[in-house]
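What follows is one structure encoded as structure tokens, with my remarks underneath.
To find a chain, count down the sequence lines: A is the first, B the second, and so on, and within it residues start at 1.
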Number of protein chains: 2
Amino acid sequence: MHTLAEENYLKAIYKLSLIAENVSTNQIAAELATKASSVTDMLRKLADKLLINYTRYQGVSLTQTGEKVAVNIIRRHRLWEYFLVEKLHFKWDEVHEMAEEMEHISSNELIDRLDEFMGFPTRDPHGDPIPDCNGNFKTNDLKAISTVDVNTCGIISGVRDHSSAFLQYLEKQGLTIGKKITIKEIITYDNTVVLQMNNKDLQISRDVANNLLIAL
Amino acid sequence: MHTLAEENYLKAIYKLSLIAENVSTNQIAAELATKASSVTDMLRKLADKLLINYTRYQGVSLTQTGEKVAVNIIRRHRLWEYFLVEKLHFKWDEVHEMAEEMEHISSNELIDRLDEFMGFPTRDPHGDPIPDCNGNFKTNDLKAISTVDVNTCGIISGVRDHSSAFLQYLEKQGLTIGKKITIKEIITYDNTVVLQMNNKDLQISRDVANNLLIAL
DNA sequence: TTGTATTTTTAGACAAGTCTAAAAAAATTA
DNA sequence: TAATTTTTTTAGACTTGTCTAAAAATACAA
């Protein structure tokens with residue numbers, strides 16, 4: 001249907017669209033670790049195929065078709081991640097690269113059956129919502145720990161940074177999806193956040209607090 | 001590790017090597033539905049990487065390394081086919097194309113865990129042996145129905161033709177893996193074979209008899 | 001064994017996707 | 001608003017894998 005490169009561009013544009021409506025050439029280049037000139041070339045191809053809205057120098061947005069394709073890739077990615085963790089017992093920090101390859105397997109019938117096989121999960125191992133076969137999914141109303149008030153409590157429900165390094169750190173601290181925590185104090189000097197979990201205090205840096213999401 | 005094209009060439013060469021030691025450029029071209037000139041180009045690349053033994057005009061054979069890679073691709077293909085049929089309940093005639101894509105997912109850890117998840121199966125849905133993680137597998141000592149004597153009986157255990165059309169035909173006739181049959185008669189006029197299965201007679205053409213394998 | 005047919009290789013071209021370097025447009029700043 | 005910086009695009013080149021057409025090697029047949 002679409003080439004590997006096309007799918008990766010659509011996914012990148014989708015991801016960047018969540019932050020700001022219009023996506024710039026340089027943003028895409030950074031996201032895909034490629035050069036702006038390569039991006040420009042590809043944008044013309046995607047525009048020709050009516051997958052994006054593109055006018056020179058004006059940045060891009062996905063068309064309805066483009067967004068559908070992107071959401072479908074994300075659905076495939078997250079279902080494979082769920083499979084790898086729940087069925088093959090990989091750890092949550094080990095699955096991203098594999099799912100990155102698996103998301104390009106083209107059969108939708110395959111993905112729908114995989115979905116059914118696993119009991120139609122709604123969240124992947126990192127807490128991200130899994131779109132259903134029509135592309136619908138709950139938007140995440142999660143908050144970064146760094147944004148909530150002192151004495152708030154909530155359930156760890158997602159991450160912003162999906163890197164192995166970050167996920168391994170969280171694992172080590174016991175800060176995994178589903179854990180209940182209370183924000184006790186924010187140290188003004190360096191914005192270190194003091195949490196309480198299982199009646200024990202735990203300090204996390206501003207960076208970590210920015211990338212760890214809770215449901216209130 | 002290796003490109004998609006390289007993997008497909010190695011697989012094709014491996015497959016053809018089972019019939020005759022040395023494989024010709026034209027054979028590979030036919031197998032991959034490409035042109036002889038394209039094959040020549042790729043053979044030089046594979047030889048440079050020490051995956052095949054190649055001298056101009058002399059045909060090719062796999063090196064030890066090349067064979068290892070090829071067997072690993074076959075292992076991946078057959079495990080995914082098994083997964084698709086046993087876990088996602090696809091029919092045996094529906095899985096080839098999907099597995100053709102899935103076999104290129106590169107992680108060996110993934111494949112080893114998939115293998116374990118399914119209980120280390122030794123045969124794929126078409127009766128072909130699945131290499132273990134060291135590349136070892138039982139060679140098929142199966143015989144085409146067309147080659148056995150009248151009154152022989154045996155268990156349907158494999159196919160030579162993996163096309164949907166053939167597999168669907170077998171399914172319709174009930175000629176599936178595991179069924180016990182007896183060869184009753186070979187009609188000399190056109191080599192039609194008369195079988196008995198579940199106490200009923202069944203006629204199959206020479207072509208079908210050539211592509212259906214039994215264990216005695 | 002010589003000529004013909006077949007197979008294989010070479011030569012040159014093309015598409016996809018990438019790159020560097022330079023030009024053009026837009027944004028920023030003074 | 002004019003000058004400078006940043007962003008984006010264009011131009012031209014490279015790689016992988018493919019193709020067609022022609023040349024070279026091998027196989028076959030009289």
[N] OP1/OP2 closer than 4.0 Å to side-chain N/O of [X]:
| X | N | result |
| --- | --- | --- |
| B:R44 | C:dT10 | yes |
| A:K45 | C:dG17 | yes |
| B:S38 | D:dT18 | no |
| A:Y54 | D:dT9 | yes |
| B:T34 | D:dC19 | yes |
| B:N26 | C:dT6 | no |
| A:S24 | D:dT7 | no |

Roughly, in whole Å, what's the span from [atom1] in [X] to [atom2] in [N]?
| X | N | atom1 | atom2 | answer |
| --- | --- | --- | --- | --- |
| A:Y57 | D:dT8 | OH | P | 10 Å |
| B:L4 | D:dT18 | CG | C1' | 14 Å |
| B:M42 | C:dT10 | CE | C1' | 17 Å |
| A:N22 | C:dA26 | CG | P | 14 Å |
| A:D48 | C:dA16 | CG | P | 11 Å |
| B:K35 | C:dA11 | NZ | P | 21 Å |
| B:Q27 | C:dT9 | CD | P | 13 Å |
| B:Q58 | D:dT26 | CD | P | 6 Å |

Sole residue of A:E100, A:E6, A:E67 in salt bridge (charged side-chain N to carboxylate O under 4.0 Å, His left out) with A:K11: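 Exactly one pass, corresponding to A:E100.
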DNA chain D: 5'-proximal contact among A:S37 and B:Y9 (nearest heavy atom):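 Counting from the 5' end, the first nearest nucleotide belongs to A:S37.
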Closest-nucleotide 5' rank along DNA chain C - winner of A:R56 and A:D41: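 Result: A:D41.
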For A:R160 against A:A144, the heavy-atom pair lying closest together: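 What the structure gives for the nearest pair is NH1-CB, 3.6 Å.
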Gap between atom SG of A:C133 and atom CG of A:D115 - 0.5 Å precision: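 Atom-to-atom, A:D115:CG and A:C133:SG are 7.0 Å apart.
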Residue pair A:L46 / A:I13, side-chain heavy-atom distance below 4.5 Å: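 Yes, close enough: below the 4.5 Å cut-off.
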NZ or CZ of A:R44 within 45° of A:Y54 ring axis and under 6.0 Å: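 Cation-pi check for A:R44 and A:Y54: fails.
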